[in-house]
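Note that this is a predicted model, so its numbers are computed, not measured. By convention here, the first residue in the shown sequence is residue 1. Any value given below was found using the heavy atoms of this structure, including those in side chains, with hydrogens, waters and symmetry copies removed.
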Amino acid sequence: MTMTTAEIRQAFLDFYASKQHQIVASSSLVPADDPTLLFTNAGMNQFKDCFLGQDKRSYTRATSSQRCVRAGGKHNDLENVGYTARHHTFFEMLGNFSFGDYFKRDAIHFAWQFLTETVKLPKEKLTVTVYETDDEAFAIWQNEIGVPADRIIRIGDKSADKKFDSDNFWSMGDTGPCGPCTEIFYDHGEHIWGGPPGSAEEDGDRYIEIWNLVFMQFNRHADGKMEPLPKPSVDTGMGLERIAAILQGVHSNYEIDIFANLIKDIAALLSVDDLTEKSLRVIADHIRSCGFLIVDGVMPSNEGRGYVLRRIIRRAIRHGNQLGANEVFFWRVYQSLVNQMGDAYPELKSQQAIVEKMLRLEEEQFLKTLDRGLAILNEALDNLKGDTIAGETVFKLYDTYGFPVDLTNDVARERKVKIDEAGFEKAMAEQRQRAQQANQFGKDYNDSLSSTNESAFTGYELIKDSSQVVEIFVENESVNAIEAGQKGLVVLNQTPFYAESGGQIGDSGALWVSDSEVFEVQDTVKLNKAFAHKGVSKATVKVGDTLDAVIDNERRQKIKLNHSATHLVHEALRQVLGEHVSQKGSLVMADKLRFDFSHFEAMTAAEISQVEDIVNQEIRQNHVLSTQLMDLDSAKQAGAMALFGEKYDDEVRVVSMGSFSTELCGGTHVERTGDIGLFKISSEAGIAAGVRRIEAVTGDAACHFVAQTQQTIGDIASLLKSDTGSVVDKVKQTLDKNKQLEKQLQQLQDKLASQAGADLLNQVVEVNGVKLLSAQVEGIDAKALRGTLDQLKQKIGSGVIVLGLKNTGKVNLIAGVTADLTKTVKAGELIGNLAQQVGGKGGGRPDMAQAGGSQPENLEKALDSVKSWLATKL
């Protein structure tokens, strides 16, 4: 049965919808509220809390087509992409899920019905596996489905001393939900080498796994403890690309319709005739992961998710380079991705401008160093003795030319050599340590505090409420009471305190009994659905106590002004800069607000002023803020702006400010926009590639900022003996005068340097027939050293020159070698030797090199050593 990939995706969702499953949209590739994952790598990621019993949905059956990336962390397929038929950095996983509803029997029956009846795969082509001790699944397959016993294979643990380490015992990671599974394999036929799973030939390509049905039964902790889940559940995953290959009658995933069209477009773009080039497959795969990652808010950087994205982009660019691309091309491939997948994922179209701009900037940046880096790598390969590239070379390519290690390894593999990974890791030790300190991924899912209680939030209407203590934590342990002087967290059954979320900081205040303050609340945080009041106890507080929760209302009011202003500034930025602007983060505090957004260049003063004008105009309009609870789909249809990848409940709160702004938001806000008073941007800066940050103030803080700015202008005017109205002209006059003086000073320094150079020629000596000038200079600055060196090289004709300069406790060194001598004498090597003697480091080209040092007392000795060093080279 031949079906397009889009038809297969829809057929799967429709099938499970007919089995009373809720169709759930794909979640972001950036996991929401999950520190254990680098990227979403399976369909069940967004339902993880459902399996743990910490999240209750309005449905107990779900189905989805989840976009996934496996290019970092535990699940990393990057290096195999382009070399195998089925590895991808990006793929779609079809899945159906049961949260304590049905279990093994229905899961197996549903899967078999879809494969053999809906898409009509021949039954005799299917083989299944079960976990070795899972007799129940074996019996269902044999007795109810009718699969012959010889096509039901039991798969045990890989080693006797490691329980549950089996291909048929599934877990997301070292911790978290897990359980036995049954897998369905498709037999591609005898003409392809390979054997069934569990056989010696199982690594062949004849039997291909297409569907994994996981029976969730346990939550594994870091100590190995297997905690039974509240209700047995089901999680399945079937690779859309794999089932598409089977249904479209091809063996490789890269031959299915999506990839075939992508490859065809890339080949046309790069004028490549051979559509079997593996580099075309790499580029086709990588544009999918890069496009979707950027759409989900990941930007190229040198750490975390951003570094993985940068690695993928640069690998694609290098493969384009192999195919003859000598200018930017990768961003142009994105249009083909939009053509292939834009209907299923409209965000690919809506964010096309931002993705293409990001890819183009990243490619332009990398191309500046690609040729030089490849030249160094090829030189190292040409001169290689043995079969391993030195770790120092790999590190230099990474550190200086931005070559990810796997890109270097790609080139090495093509030349049938290896890289010294241990040597590279040694050279990377300091950078790796810093990266690990900043990296939170891989943390035990069960390490963080959690609570099964739920707190009702009453703070939209109240600033004080009578509440009951339902849980107390002291030093991360649940206790029955907290004593005076102890720090801890108090969970209430209901509270007016807003818990930090959505960028808004948590409320502070106090918990009271009668007229006595018993607990100082310094912050409020969420523990699942419980609101925990963090602070210091002033008296004994026990679980079950009834007390008054009173927020610091003056602080809350300031937070409300800033939060409402973030909604206004978001829309104003979209109007001024373009619809590509999307929120990338925010922090709403009492004294200021911070708003991060996608944009590729610094805002001009005129743009900042325009945004301020729009926001302040909306403030003066004094719109009434309206809030409304509605289901998520209705909210989106009403035009409410949602943060893509944010985790929303089925029922959402929609905040509207007239017709100007409508957003999904659970935070606290002013009653009318006029309450904000005044809005003023205090700073604008870049924080990552393609991400800008605005900081701003409102209300009294904005008035104070304006007054302070006016005072600063007045102080400047006073210093310049001017009035505030003429201060700009006065500053311009002063700067022009300074430029003239600097020009005159430079002319005088050049004359001094020229005279010093003439005097230095008297110190030239010969070493084995080569002229040498090694001298200390005075009366010039470090910037003039290069000019002095160039003049002396012209005058000396042929020779070696070293100049040293003492400068306020530091040393500056420069070395020059005339072109006729660079094969024998290297300036970079010479300067490296001298730098060590004066407490510094440096290097450069064979004809010119520079260095700095911190030990000026050793300069004379270092300069004297040049003569003997040169003698050893001649």
Below 4.5 Å, heavy atoms only, C-beta onward: do Leu803 and Ile801 meet side chain to side chain?
-> yes
Under the 3.5 angstrom rule, does the side chain of Glu684 hit a backbone N or O of Met603 as a donor-acceptor pair?
-> yes
With a 4.5 Å heavy-atom cut-off, do Asp596 and Ile687 have their side chains touching?
-> yes
Compare every heavy atom of Gly839 with every heavy atom of Ser854, then report the nearest pair and how far apart it is.
-> OG-O, 3.2 Å
Nearest heavy-atom contact between Ser598 and Ile354 is CB-CD1, 3.1 Å
Flag, side chain of Glu363 to backbone of Ile317, donor-acceptor distance under 3.5 Å | no
Check the pair Val727, Leu720 against side chain to side chain contact (heavy atoms under 4.5 Å, CB included), reporting the backbone distance first and the verdict last.
-> CA-CA 8 Å; Val727 70; Leu720 294 171; 4.2 Å; yes
Met848/Leu789 under side chain to side chain contact (heavy atoms under 4.5 Å, CB included): CA gap, chis, key distance, verdict | CA-CA 9 Å; Met848 194 282 289; Leu789 177 73; 3.7 Å; yes
Look up atom CZ in Arg594 and atom CG in Leu587, then write down how far apart they are to the nearest 0.5 Å.
-> 4.5 Å
Is a side-chain donor or acceptor of Asp420 paired with a backbone partner of Gly423 at a separation under 3.5 angstrom?
-> yes
Heavy-atom side-chain contact between His319 and Leu323 under 4.5 Å | no
Nearest heavy-atom pair of Val30 and Asp296: which atoms, and what distance?
-> CG2-O, 3.8 Å
Would you say Gln776's side chain and Gly804's backbone share a donor-acceptor pair under 3.5 angstrom?
-> no
If only atom types and distance count, is the side chain of Ser336 paired as donor or acceptor with the main-chain N or O of Val333 below 3.5 Å?
-> no
Give a yes or no on whether a salt bridge exists between Glu860 and Lys806, defined as a side-chain N under 4.0 angstrom from a carboxylate O.
-> yes
Please work out which of the three classes, parallel, tilted or perpendicular, describes the rings of Tyr254 and His88, given edges at 30° and 60°.
-> tilted
Is a donor on one side and an acceptor on the other found under 3.5 Å between the side chain of Arg693 and the backbone of Gly686?
-> no
Going from CD1 on Ile294 to CE on Met299, what distance comes out if it is rounded to the nearest 0.5 angstrom?
-> 6.5 Å
Scanning both residues in full, the closest heavy-atom pair of Ala412 with Ile419 reads CB-CG2, 3.9 Å
Between Lys732 and Asp736, is there a salt bridge with N-O shorter than 4.0 Å?
-> no
Quick one: do Val308 and Phe39 satisfy side chain to side chain contact (heavy atoms under 4.5 Å, CB included)? Show the steps, please.
-> CA-CA 10 Å; Val308 176; Phe39 296 115; 3.6 Å; yes
Determine yes or no for a side-chain-to-main-chain donor-acceptor pair under 3.5 angstrom, with Thr89 supplying the side chain and Ala71 the backbone.
-> no
Worked verdict on Gln352 versus Gln335 for side-chain hydrogen bond (donor to acceptor under 3.5 Å, both in side chains) | CA-CA 8 Å; Gln352 183 164 359; Gln335 180 61 58; 2.6 Å; yes
Heavy atoms from other residues, nucleotides or ligands near NZ of Lys357 exceed 12 (cutoff 6.0 Å) | yes
To the nearest 0.5 Å, what is the distance between NZ (Lys795) and CG (Asp790)?
-> 12.0 Å
Using a 4.5 Å cut-off on heavy atoms from C-beta on, say whether the side chain of Trp869 contacts that of Val767.
-> no
With a 4.0 Å cut-off, would you call Arg360 and Glu364 a salt bridge?
-> yes
Any side-chain heavy-atom pair of Val802 and Leu773 under 4.5 Å = no
Working to the nearest 0.5 Å, report the span between CG of Leu337 and CZ of Phe292.
-> 5.5 Å
Sub-3.5 Å donor-acceptor pair from the side chain of Glu695 to the main-chain atoms of Ser683, do we have one?
-> no
Taking it one step at a time, do Ile716 and Thr712 satisfy side chain to side chain contact (heavy atoms under 4.5 Å, CB included)?
-> CA-CA 6 Å; Ile716 294 171; Thr712 301; 4.2 Å; yes
Can you see which heavy atom on Gln351 is nearest to which on Val295, and at what distance?
-> NE2-O, 3.3 Å
Could you tell me the separation between the OG atom of Ser279 and the CD1 atom of Ile263, rounded to the nearest 0.5 Å?
-> 11.0 Å
State, yes or no, whether a side-chain contact exists between Cys290 and Phe330 at a heavy-atom distance under 4.5 Å.
-> yes
Are Arg692 and Glu601 ion-paired here, with the side-chain N under 4.0 Å from a carboxylate O?
-> no
Taking it one step at a time, do Asp847 and Thr822 satisfy side-chain hydrogen bond (donor to acceptor under 3.5 Å, both in side chains)?
-> CA-CA 6 Å; Asp847 62 326; Thr822 53; over 6 Å; no
Smallest heavy-atom separation, Pro300 atom then Glu362 atom, equals CB-OE1, 3.4 Å
CZ of Arg318 to CG of Leu367: how many Å apart, nearest 0.5 Å?
-> 13.5 Å
Report yes if the side chains of Val800 and Lys771 come closer than 4.5 Å at any heavy-atom pair, otherwise no.
-> no
Do Glu829 and Asn833 have a side chain donor and acceptor closer than 3.5 Å?
-> no
Could you give the side-chain donor-acceptor pairs of residues 388-395 under 3.5 Å, partners two or more places apart or in another chain?
none

Check: Ala605 main-chain N/O paired with Ser609 side-chain donor or acceptor under 3.5 Å = no
Compare all side-chain heavy atoms of Val817 with those of Lys826 and state whether any distance is below 4.5 angstrom.
-> no
Do any N or O atoms from the side chain of Asn858 and from the backbone of Val838 form a donor-acceptor pair under 3.5 angstrom?
-> no
